[in-house]
*Asks:* 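Here it is: the structure, laid out below.
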Amino acid sequence: MGYSAELERLVTLSRRQIEMVCADETQIPGFIELCRENFDEHLAEYDDWLDEDEDQANLHWQEAVAWRTTAALLTTMSQGPDARRRSA
């Protein structure tokens, strides 16, 4: 599975955003920052909802994990074509 398909599977970035990072790796750091911001936001929402509504809290946890995974994949992409083989 290629990077584009993996990013699409995570359902965090739009198709246009995925095309941008796959076509131009100089875009990756900005999108990693976006992922971190969204991760932090959903993690805070998770904490806020945890005592009130477990289902809502879990939705935010899942979103936080998706954004964290997206950031990790983008980081791997920015390390070049051999990064996947080294991490496997």
*Asks:* In Å and rounded to the nearest 0.5 Å, what is the CD1 to CZ distance from I32 to F39?
*Replies:*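 The CD1 atom of I32 sits 14.5 Å away from the CZ atom of F39.
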*Asks:* Output the distance between atom OH (Y46) and atom CG (L59), rounded to the nearest 0.5 Å.
*Replies:*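 These two atoms lie 12.0 Å from each other.
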*Asks:* Going from OH on Y3 to OG1 on T76, what distance comes out if it is rounded to the nearest 0.5 angstrom?
*Replies:*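 Reported value, rounded in 0.5 Å steps: 6.0 Å.
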*Asks:* Looking only at non-hydrogen atoms, find the nearest pair between Q17 and S14 and report the distance.
*Replies:*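 Looking at all heavy atoms of both residues, the shortest contact is OE1-N, 2.8 Å.
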*Asks:* Looking at every non-hydrogen atom in both residues, tell me the closest pair between L10 and A66 and how far apart they are.
*Replies:*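 For L10 and A66, the tightest heavy-atom pair comes out as O-CB, 4.1 Å.
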*Asks:* Below 4.5 Å, heavy atoms only, C-beta onward: do L7 and V21 meet side chain to side chain?
*Replies:*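 The answer is yes, as the side chains (C-beta and beyond) meet within the 4.5 Å cut-off.
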*Asks:* Does E25, at its CD atom, have more than 12 non-hydrogen atoms belonging to other residues, nucleotides or ligands within less than 6.0 Å?
*Replies:* no
*Asks:* If you measure from CG on N38 to CD on E45, what distance do you get to the nearest 0.5 Å?
*Replies:*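 Reported value, rounded in 0.5 Å steps: 11.5 Å.
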*Asks:* Side chains of T69 and T12, heavy atoms from C-beta outward: is any pair under 4.5 Å?
*Replies:* no
*Asks:* Per the side-chain contact (heavy atoms from CB on, under 4.5 Å) rule, which among E52, H60, E54 passes with Q56?
*Replies:*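 Running side-chain contact (heavy atoms from CB on, under 4.5 Å) over E52, H60, E54 with Q56 returns exactly one hit, H60.
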*Asks:* Report yes if the side chains of R15 and S4 come closer than 4.5 Å at any heavy-atom pair, otherwise no.
*Replies:*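 Side chain of R15 against side chain of S4, heavy atoms only: contact under 4.5 Å found.
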*Asks:* What I'd like to find out is whether the side chain of W67 reaches to under 4.5 Å of the side chain of E41, using heavy atoms alone.
*Replies:*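 Contact flag for W67/E41 side chains = no.
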*Asks:* Measure the SG-CD1 distance between C22 and I28 for me, rounded to the nearest 0.5 Å.
*Replies:* 7.5 Å
*Asks:* Between L43 and A64, what is the shortest heavy-atom contact and its length?
*Replies:* N-CB, 4.1 Å
*Asks:* Supply the atom-to-atom distance L13 CG to L34 CG, rounded to the nearest 0.5 angstrom.
*Replies:* 7.0 Å
